[in-house]
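Remarks on the structure that follows.
What you see is a predicted model, and the numbers here were worked out from it, not measured in a lab.
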Amino acid sequence: MLNRGAVFFFMKREFAGFIFSASCPIINIIQYLDTKGMITVIINNNLTALSALNATRAADNMMTKSVQPLATGLKVNSAADDASGLSISENMRAQIKGYDMAVRNAQDGISMLRVAEGALGDTSDILHRMRELAIHANNDSLTMQDRTHVQEELDGLREQINHISDYTNFNTKRLLNGNLGALWSSDDSKIKVRVKGGLLTIDEEGRTSNSESNYRLEIRSDPGKAQVQKSSIMTVTETMLIENESNEESEEDSGAIEVYYDKALWEIDQFYDSEGSFLVEEPQKLTLIQGDGKTASVMIYREDTLQDTASKINTAIAEGLGQKVYTNDAHQFAVISDGTGNTPESVFSRSAIYDDDGSITGYDIKSTLVIRSAVQGTEGEIYFAGNDNLIHAFGLNTIQDSEEGTYRVSIYNAHTGEAVVSDMKVTGHELGGIIHPNIDVDFDPMAGTAANWDESTKQYLMTSTGTYTANIHLADNGLTFQTGTNQAETFSVQFGNVSANMLGVDRVNVMTRELAEKSVTYIDEAIDSIVKQRTQIVSYSNALEHSIANLTVSGQNLTDSRSRITDADYAKSAMRFIEFQILSRAESAVLTQANQQPEAVFSLINS
């Protein structure tokens, strides 16, 4: 019997709850409902509890998922949250990380460029100091000792340029020795390649091309002229030269030139100064300087004869300056004129000396020292440096100016046979920017030319020897910075070689005024080369700074896009969390009530 309360019944098709008064026997109610097919009372399976349990679990799962965005700050924590969104966001994440690293790469590149630009600035300062010294030396007020001191400073500055070129580095990478521009080699040791940058070029449409390859040079020469110098006329007096009973002047005296050869310097008037002091009382150093910068020195002594002096100078030119390889006779570089040959350099005379009785007592023999170069053009010009009075005693003057040869040059790609240039006429032995704007090629000034001695004219005749060939290998070795997030999004940088040799200041010499004047030109060209390289580096740096700005903006915008996909909206997430939290609690309460339904059986049994 139930006095009050609620009894919950399970119907075959739906759930219903009825409230009856205490005076109605429960058995009568059950019998009545059963006849209507409205109730089934079971205890083995609590379907209501199972339904409530599933709902509770679902609510718990939803609450758990709503907690994750609040805990991680991400709307997409796994592929289950948003499969396509996760895929897109991960791709964006890779791009964003790439932008960050590309910015770092560009910043490292700018740091490297600043190191190089600073070193080039120091080199420029050195060159300006060298120019000051060269201008100072282009003044005849300087003594040879003064010039020596100036040259010593220039040599030290040149070594400092080489030191900067060899040892300027960033993260152990040598920047200015040419290895980060282009690498070159040649089968001809006389070929010199000046590297001013890399081999990559970009056309107006942004397309890149690379000039690295093997090149074959074919050169045909139209020879020029080599320098010839002659000393002042030197007089030797010999009173016992011949014994001529007829007292008549002999026109065929073969002993005259031998006597002239054998006269010591102290016996020749030209080697005494205006005060009568002998100029070679102490050994004197005479330095020969060739137009290409090579030098050779000889020592002149008091007892040296004219022939000794000529032989020493001849050996210095042949061996020290290396000119013997260009001629078939290496003994004609410095000779004493013997009067043979109808050439301007053949100065020789012999005049008799008479006493009061008209008898011949000797001869005055006059001749000159002739100095010839066997290398055409300015590269073969020879200058002499030493004691000023000694130089004046020789009194050298040029009787034949040098003249550059002209060449017909063809350059071919050695792999494909394609002509880079064909039969191009050039004056001088420099090919500037023909293979590539950053590559200058200096070839042998005697390429395809020989200096053959002509005994009849007593001079070196420049003759063509046919086609001269040489092979040059060029390989690009510039730096590449990854300044993008994908393949091939790179930025290339090249550095030239700034050694003294490549800048051309290895030829700077101020031991004579003429050489000092030429040196100013060499230094000006070197300064111009440095300015061009500094300008190029600044343009690289500006480009990288613009890349950094672009990468930063791109990364920021991509991060914003990814944020909209992955980042959680905390207000919305908190609202959902509270929603599922309340639902979970409600389901838990329903589950508790559902679990109490089987207890109605006990009431039924007890009744």
Side-chain angles (χ1 to χ4, degrees), residues 186 188-194 217-230 288-295 317 321-327 333 344-345 371-383 396-411 421-435 439-454 457 459-470 472 501-509 512 514-526 528-529:
S186 175
D188 187 340
S189 61
K190 293 183 175 64
I191 289 284
K192 182 171 72 173
V193 176
R194 290 201 296 271
L217 276 63
E218 295 182 359
I219 300 173
R220 291 179 290 110
S221 170
D222 182 8
K225 294 180 180 179
Q227 179 195 59
V228 179
Q229 299 178 78
K230 181 175 65 176
L288 287 73
I289 306 165
Q290 194 165 257
D292 61 0
K294 293 180 181 177
T295 61
I317 296 173
L321 302 182
Q323 291 197 13
K324 69 177 184 178
V325 299
Y326 299 118
T327 181
F333 295 115
E345 62 198 50
I371 299 173
R372 306 180 180 93
S373 173
V375 177
Q376 63 185 348
T378 57
E379 294 283 290
E381 292 180 352
I382 300 173
Y383 301 88
L396 292 172
N397 64 93
T398 300
I399 60 174
Q400 177 174 291
D401 291 324
S402 66
E403 185 178 298
E404 298 289 350
T406 58
Y407 305 88
R408 292 287 180 176
V409 178
S410 297
I411 303 176
V421 294
S422 181
D423 204 34
M424 182 181 66
K425 183 178 180 180
V426 298
T427 300
H429 57 97
E430 179 177 321
L431 304 176
I434 295 176
I435 295 177
I439 299 296
D440 293 341
V441 178
D442 287 350
F443 56 87
D444 189 349
M446 293 295 286
T449 308
N452 295 317
W453 177 252
D454 188 322
T457 59
Q459 60 183 323
Y460 286 117
L461 297 180
M462 299 292 163
T463 58
S464 176
T465 60
T467 301
Y468 160 88
T469 61
I472 299 174
N501 181 272
M502 290 297 127
L503 291 174
V505 295
D506 56 323
R507 298 176 291 177
V508 170
N509 193 297
T512 69
E514 293 81 4
L515 285 172
E517 188 174 12
K518 288 180 178 290
S519 294
V520 174
T521 301
Y522 300 150
I523 296 170
D524 284 342
E525 291 173 353
D528 183 62
S529 178

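Side-chain contact annotation: Ser402 with Glu381, donor-acceptor N/O pair under 3.5 Å present. Looking only at atom types and distance, the side chain of Tyr326 has a donor-acceptor partner in the side chain of Asp444 under 3.5 Å away.
Between Ser373 and the options Gln400, Glu379, Gln323, a side chain to side chain donor-acceptor pair (under 3.5 Å) holds for only Gln323. With Thr378 as reference, Glu404 is the one residue of Glu403, Glu404, His429, Gln227 to meet the side chain to side chain donor-acceptor pair (under 3.5 Å) rule. Tyr468 pairs with exactly one of Thr449, Asp188, Val409 by the side-chain contact (heavy atoms from CB on, under 4.5 Å) rule, that one being Asp188.
In this structure, Gln376 and Ser221 have side chains that are in contact, with non-hydrogen atoms separated by less than 4.5 Å. Taking the side chain as every heavy atom from C-beta outward, Ile434 and Met424 approach each other to under 4.5 Å. Using a 4.5 Å cut-off on side-chain heavy atoms (C-beta onward), Gln459 and Leu461 make contact. Between Val421 and Leu431 there is no side-chain heavy-atom pair separated by less than 4.5 Å. Counting heavy atoms from C-beta outward, Val375 and Leu321 have side chains that stay 4.5 Å or more apart.
Tyr460 and Trp453 have perpendicular rings, their planes meeting at more than 60° on a 0 to 90° scale where under 30° would count as parallel.
Between the Ser422 side chain and the Ser410 main chain, no donor and acceptor come within less than 3.5 Å of each other. Distance alone, capped at 3.5 Å, is enough to place a donor-acceptor pair between the Gln229 side chain and the Ile382 backbone. Side-chain N or O atoms of Thr465 include one that pairs as donor or acceptor with a backbone N or O of Gly448 at under 3.5 Å. Panel note: side chain Thr398, backbone Asp401; no donor-acceptor pair is recorded below 3.5 Å. No donor-acceptor pair closer than 3.5 Å links the side chain of Asp292 to the backbone N or O of Gly380. Side chain of Ser529 to main chain of Glu525: no donor-acceptor pair is present (N/O by atom type, distance under 3.5 Å, no hydrogens or angles).
With sequence neighbours excluded, no residue satisfies side-chain hydrogen bond (donor to acceptor under 3.5 Å, both in side chains) with Thr327. Applying the ring pair (Phe, Tyr, Trp, His ring centres under 6.0 Å) rule to Phe443 yields the partners Tyr407; only residues at least two apart in sequence or on another chain are considered.
Arg220 and Asp423 are joined by a salt bridge, as a carboxylate oxygen and a charged side-chain nitrogen come within less than 4.0 angstrom of each other.
When every heavy atom of Met462 is checked against every heavy atom of Gly224, the shortest pair comes out as CG-O, 3.5 Å.
Residue-environment remark: NZ (Lys324) stays at or below the threshold of 12 foreign heavy atoms within 6.0 Å.
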